[in-house]
Number of protein chains: 2
Amino acid sequence: MSQDDAAVDLETSLGYLLKEASSALRAAMEAVLRPLGMTVTHYSCLELLAQRPGLSNSELARGAFVTRQSMNVLLQALERDGYVSRPAAAPVGKVLPTRLTSRGRRSLAAASAAVRSVEVRMLGGMSEAERAAAYTLLRGMIRALKDPGEGV
Amino acid sequence: MSQDDAAVDLETSLGYLLKEASSALRAAMEAVLRPLGMTVTHYSCLELLAQRPGLSNSELARGAFVTRQSMNVLLQALERDGYVSRPAAAPVGKVLPTRLTSRGRRSLAAASAAVRSVEVRMLGGMSEAERAAAYTLLRGMIRALKDPGEGV
DNA sequence: TGACTCATGTCAGCAGTCTGACATACCTTG
DNA sequence: CAAGGTATGTCAGACTGCTGACATGAGTCA
């Protein structure tokens with residue numbers, strides 16, 4: 001139909017391509033994390049805690065792109081299994097700072113190596129300049145999408 | 001810890017940025033599709049059918065990045081509500097070619113315009129050259145992730 | 001022709017995530 | 001100081017998408 005030409009062309013749509021790339025990355029990460037008995041969100045949570053110890057439930061949720069309710073469920077499981085620890089009472093306010101246990105750190109080490117190998121493969125064919133360009137372009141897209149009134 | 005430096009640095013990780021961008025795009029799409037009573041997968045299915053009429057359930061699933069089981073559930077609902085039509089029996093093999101009904105086309109028109117506005121906002125601050133660069137870079141990442149043995 | 005492989009459509013069960021709701025603690029602002 | 005607004009942690013229910021499984025049809029090869 002001639003109307004189709006006016007529609008978003010999936011073949012050349014950056015939005016579609018972005019979704020495809022993200023989907024491929026997620027699938028690749030799931031493939032290497034599954035043997036370790038870990039999901040992507042599971043890994044994301046541990047990685048966030050390694051780099052920024054003491055993050056709260058809500059902060060972790062934002063960093064892993066899930067709701068704080070979902071992260072809460074995950075954190076309770078991780079705490080039950082001894083991967084992270086949280087104080088019984090909040091030192092200030094309601095915020096419960098979370099930390100990795102030694103077991104959590106050990107578990108993360110293997111997962112982090114696996115994920116790093118995926119990222120290396122993804123960046124394999126790119127030059128330093130191209131990586132920098134991709135970084136800048138993605139940052140721009142994120143900003144444009146998050147700012148409500150970007151105007152024309 | 002000094003070990004953290006060797007880990008994937010989230011601040012500069014292209015993988016993390018890709019996930020963030022995809023998450024922001026999905027949120028923006030959900031925001032404009034919700035008033036139309038449509039989900040992202042719902043829209044994706046209709047858009048695929050508009051551009052490539054006669055796609056099968058499995059082909060639609062691959063195009064929308066979900067399993068064929070999930071797409072099957074969606075297609076049954078869309079067929080029940082009169083947005084798409086499928087022949088009762090497969091003309092050849094088991095493949096059931098799906099087509100938009102006029103109602104489906106009408107429903108898609110509004111959604112397509114809304115999604116296009118999101119993509120326009122996303123590309124707002126980018127030059128033509130930058131868009132072409134982003135296109136090439138994403139394509140490269142996808143290829144590297146999907147090809148199993150890319151080597152070092 | 002018959003066996004093997006692969007892709008498809010579909011059903012059932014399950015895990016992960018989301019929305020809705022509530023109580024609580026901090027921070028303004030009058 | 002009191003009151004409203006905002007952010008947090010948590011519980012409960014609902015939903016979406018995934019994994020596992022099965023039967024069917026097409027293509028391949030001996």
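Sequence lines set the chain letters: A, B, ... in the order given, protein chains first and strands last, and positions in each chain run from 1.
Straight-line distance from the CG atom of B:L74 to the C1' atom of D:dC18: 15 Å, rounded to whole Å. Remark: P of C:dA15 and CE of A:M71 are 20 Å apart, rounded to the nearest angstrom. Atom-to-atom, CD of B:Q76 to P of C:dT8 comes out at 17 Å; the value is rounded to the nearest Å. Regarding B:L75, its CG atom lies at a distance of 15 Å from the C1' atom of D:dT16, rounded to whole Å. In this structure, A:R34 atom CZ and D:dC18 atom C1' are separated by 9 Å, rounded to whole Å. Regarding B:L55, its CG atom lies at a distance of 15 Å from the C1' atom of C:dA7, rounded to whole Å. Spacing between atom CG of A:L60 and atom C1' of D:dG9 amounts to 13 Å, rounded to whole angstrom units. The interatomic distance linking A:R26 (CZ) with D:dG17 (P) rounds to 13 Å, in whole Å.
In this model, the phosphate group of C:dG16 is not approached by any side-chain N or O of A:S70 to a distance below 4.0 Å at OP1 or OP2. Side-chain N/O atoms of B:T67 include one lying less than 4.0 angstrom from OP1 or OP2 on D:dC18. Under 4.0 angstrom from either OP1 or OP2 of C:dT10 there lies at least one side-chain N or O belonging to B:N72. The shortest distance between the side-chain N/O atoms of A:S58 and the OP1/OP2 oxygens of D:dG9 is below 4.0 Å. The shortest distance between the side-chain N/O atoms of A:R68 and the OP1/OP2 oxygens of C:dG20 is not below 4.0 Å.
Taking the side chain as every heavy atom from C-beta outward, A:Q76 and A:R86 approach each other to under 4.5 Å.
Taking OG of A:S70 as the reference point, atom CG of A:L75 lies at 11.0 Å (rounded to 0.5 Å). A:Q69 CD to A:M71 CE: the interatomic distance, rounded to the nearest 0.5 Å, is 11.5 Å.
Comparing B:P97 and A:T39 by the nucleotide of DNA chain C whose heavy atom lies nearest to each, the residue mapping closer to the 5' end is B:P97. In terms of position on DNA chain D, the residue among A:E30 and A:S56 whose nearest nucleotide sits closer to the 5' end is A:S56.
Between B:Y16 and A:F65, the two ring planes are tilted [angle within 30° to 60°].
Taking every side-chain heavy atom of A:K94 into account, D:dT8 is the closest of C:dC26, D:dC11, D:dT8. The nucleotide whose nearest atom lies closest to any side-chain atom of B:V95 is, among C:dT19, C:dT17, C:dG9, C:dG9. Taking every side-chain heavy atom of A:N57 into account, D:dG9 is the closest of D:dG9, C:dT10, D:dG17.
Interface remark: the B:Q69 side chain does not form any donor-acceptor pair with the C:dG13 base, using a distance-only criterion of under 3.5 Å.
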Working note: B:Y83 + B:L100, criterion side chain to side chain contact (heavy atoms under 4.5 Å, CB included); need CA distance, chi angles, decisive distance, verdict. CA-CA 6 Å; B:Y83 293 104; B:L100 285 179; 5.7 Å; no
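Looking only at distances, no side-chain donor or acceptor of B:S56 sits under 3.5 Å from a matching main-chain atom of B:L96.
Within the nucleic acid shown, A:L96 comes within 4.0 Å of sugar-phosphate atoms alone, with no base atom in reach, counting heavy atoms only. Contact annotation for B:T41: backbone-only contact, meaning every heavy-atom pair under 4.0 Å involves sugar-phosphate atoms and none involves a base.
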